[in-house]
Amino acid sequence: MKRRARKDALVQAVCIVIAIGLLFPILYALSVSFMENRDILSRTPRILPSKITWENYRTALFSTMLPRYIVNSFVIATACGVSRIMMGAMAAYAFAFFDFKGKAFLFSLTLATMMIPVDVLMISNYTTISKLGWMNTYLAVCVVFLVNGNNIFLMRQQFLSFTKSLREAAYVDGCGSVLFFIKILMPVNKPIMTTVFISSFVGVWNQYVWPMIVTNKDEMRTVQVGITMLKNWDSMVFGPVMAGVIVALIPTIFVIVVFQKKIVAGMMNGAVKE
Amino acid sequence: MKRGKRFLAVVLSASMVLTLSGCKTSQDQDQDQSQNQSQEQETVGAGQTEKDSEVTEIAFWHSMDTSYGEILNNQIDTFNNTIGKEKHIKVVPTFQNYPGTDALTAAMSSDDIENMPDVIQMYTESVSLIRDYERTVWVEDMMEKGSSIAKEDLIPNVRSSFEIDGKLIGMPYNIACYLLYYNQDQLAAAGYTQPPKTVQEMADMLPVLKEKTDADFGLNVRINMNELINFVETQGKEGTLFGDNNNGHDGYMTKLECVQNGSLREFIDSWGKVIDSGSYRAVRDSINEEFAAGIHSMVIMSSSRLKTIENLVGDNFQWGVSAVPVVHDGDTPSSYPTGSGLFILNREDEAKVNGAWEFVQYMASAKVQAQWVETTGYVPVNQQALEHDSFKNVVSENPKQAVPFEILADSPRIVTSPFVPNYKEIDTLIKDTMISFANKEIDADGAYTAIVEGTDKIFEEYYRTNPAE
């Protein structure tokens, strides 16, 4: 028993060390964001600030329009996340449960979109957006991220593992395709929906080039563009940049922390029959 | 049932968010359009006098961040409140991250004049993008129509850096040169009263500096394309070309002239002595801060950092700046001009082109250019700035601020910023090769061959996809 406890403690200790190692860059960024310039530049590197300063946060938040950029990024990332779940789930539902002419071709087409590099499409997408008169709008930034072939594939694979007899039973009970999708399929597959939302949110949140080229008004810029405004062409101003990075990380961490519970809860559903 | 309703509510809300986010701005656009239409109608009704008082909005894209961005915005505010007010011009700045050409490339590809700037700040390495573009308005053509700035007012090699076939394509705006920054206290401790004049002298000093001071390295500089250009072009009394066709200023640059004239080989051989000194750091981390902390006795970097260094060093030690050491005894201590210029684009609106020209002239005026030395290490490109009080005051208080100007003013005219068509690839090749050379992974022959063969390949690939006309 004692031996087992010792083994558990060792495993825990190793896990903690690995976690600290992985988290160190973020924790150090957090520490630097509170450091005065002389601490950051001291010849012997400092892990912790000798004196906590909020000046870097003031610079990050007020020398650029960072709060506005965060709101922009949040609206865009949320809209894209929700859209990807909706569109992706509906497409995946059709691919997984229905038989129709051209299904294999359409699915191949969906998979093919995953193989085309985004950069190749950037100019043609820009031309479309500009001709539609959508420049400098949220829609211009969102529209290319609203549907994702990867998400459709992921959800289709998940739906395929869903027993068809349950769907037939639902039909027998008078539940149509739409109700089955809304009331049974979607709630049961919460973990995959959450995974899609989180990956989409983080992916869109971190976008840089596309939001930069379809917006040429400062107030329409996103948070990643805002952070580049904090850095200096000639020298690295670590404090404000790290403060900006930490502020930009908060919504992403919030989304992950909140929705992570849903993944776990979803996985546990039906795991034990009581 | 309750869950279904909740789901429907979420779906509908999401659709609304999406629609509103698009529609809101569309509504805004509609409002703007209707406002513009009503404004236009009012103007037509009110006659010519009011039409004249319409404000011409100039879209200006720039890449000036943090403190430089503040200086730029102040310059724009002053323009808008003075000349702009008088001539009904309003400049609206938009930040585009360096090199500032991503959005322009997209707009050019689709000829999207609605979303193009009237004036763009671009670094010389990006000039290849617009040199053949039909919407580029050549500054020389605008000067011929009437200008408050004469070509002769511009520092000769700065002017040449913005010329193609002797014609100005853009107006130099924020220009710097390469400098040797040295820790005077550490040099004195090592027994030197003057900074090195040649690479050989520098190589001799490095081990002594390391031995006799608490510096970790005698010299820190990462040799990228820009640094290499400087060492190559400053060879000889009258300078040497880096690229063919007069550094790409008379026709396209298709190969390295420095291979033909031997200046590349000369530099690599002499740089080997610096590497062999054992007191040279070839990679760059926080070069400003490390110099200010006394880690390096000497660093080579742009003059634009003068004020940054001044603020970082404070009263900790005495320091100075001089021309970058030259490869041979007898070479002219000089520098090629680095930095950016202002370029005008024609968006099929003559009023905007004229307004843009007013703005460009203002930004290159002696008054605005003289202000650079107050807060930065940029060089006033307009030589008339020398007569300006603000320049005189700053230089008399702090003679270091005059050094970049003196170096550029004394530089031979052919020591220009080359128009390298695919500078990113060439820059990476040179940087990686020179680091390998410094780490002794390759010798001087290897470094030379890698640069020569690598650049040949890069040029060949570039012109295969972008044939020279």
Side-chain angles (χ1 to χ4, degrees), chain A residues 37 40-43 59 63-64 75-76 78-83 85-86 122-131 133-143 146 179 182-183 186-187 208-209 212-218 220-221 225-226 228-238 240, chain B residues 1 3-4 7-8 10-11 13-15 17-26 28-29 59 61 63-70 92-98 102-103 105-107 109-110 112 114-117 285-290 292-295 301-302 304-305 308-309 312 376-377:
Chain A
N37 215 28
I40 300 171
L41 303 176
S42 73
R43 203 161 170 174
T59 309
S63 71
T64 63
V75 169
I76 290 160
T78 308
C80 293
V82 171
S83 163
I85 291 176
M86 283 164 51
M122 208 162 270
I123 297 297
S124 56
N125 283 341
Y126 173 90
T127 309
T128 311
I129 298 293
S130 128
K131 285 192 175 152
W134 288 356
M135 291 290 287
N136 293 309
T137 64
Y138 287 143
L139 197 57
V141 186
C142 288
V143 75
L146 293 178
L179 273 185
I182 295 169
K183 294 182 76 175
M186 293 288 273
Y208 175 73
V209 178
M212 179 95 174
I213 67 168
V214 293
T215 57
N216 48 40
K217 283 186 178 167
D218 277 347
M220 288 308 296
R221 293 286 162 81
V225 180
T228 63
M229 290 183 191
L230 292 170
K231 72 174 176 52
N232 193 313
W233 167 244
D234 276 339
S235 62
M236 195 66 184
V237 275
F238 295 101
Chain B
M1 196 63 193
R3 280 190 165 188
F7 178 76
L8 268 174
V10 169
V11 169
S13 314
S15 321
V17 167
L18 213 69
T19 322
L20 282 174
S21 58
C23 289
K24 193 184 164 210
T25 36
S26 307
D28 288 347
Q29 282 177 345
W61 289 3
S63 321
M64 303 286 263
D65 43 30
T66 54
S67 54
Y68 298 124
E70 282 172 33
V92 181
T94 302
F95 174 78
Q96 303 282 355
N97 197 27
Y98 175 82
D102 290 339
T105 310
S109 306
S110 48
D112 180 13
E114 282 298 310
N115 296 295
M116 224 176 245
D285 291 323
S286 305
I287 189 166
N288 301 340
E289 291 75 16
E290 289 171 3
I295 294 171
M301 52 191 186
S302 162
S304 63
R305 302 180 184 214
T308 309
I309 296 297
L312 286 172
T376 72

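Reminder, nothing fancy here: chain letters follow the sequence lines and each chain counts from 1. Everything numeric in this text was worked out from a predicted model, so none of it was measured.
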Quick one: of B:A103, B:P117, B:A106, who has the most non-hydrogen atom pairs under 4.5 Å with chain A?
B:A106
Quick check: closest heavy atoms across A:Y208 and A:V225, and the distance to 0.1 Å?
CE1-CA, 3.9 Å
Report yes or no: do B:D112 and A:Y126 form a side-chain donor-acceptor pair below 3.5 Å?
yes
Heavy-atom contact with chain A under 4.5 Å, split by part of B:A59
neither
Nearest-0.5 Å distance that lies between atom OH in A:Y138 and atom CE in A:M220:
5.0 Å
For B:S110, give me all partners under side chain to side chain donor-acceptor pair (under 3.5 Å), at least two apart in sequence or on another chain.
none
Chain A contact via B:E70 - which portion, at a heavy-atom distance below 4.5 Å:
neither
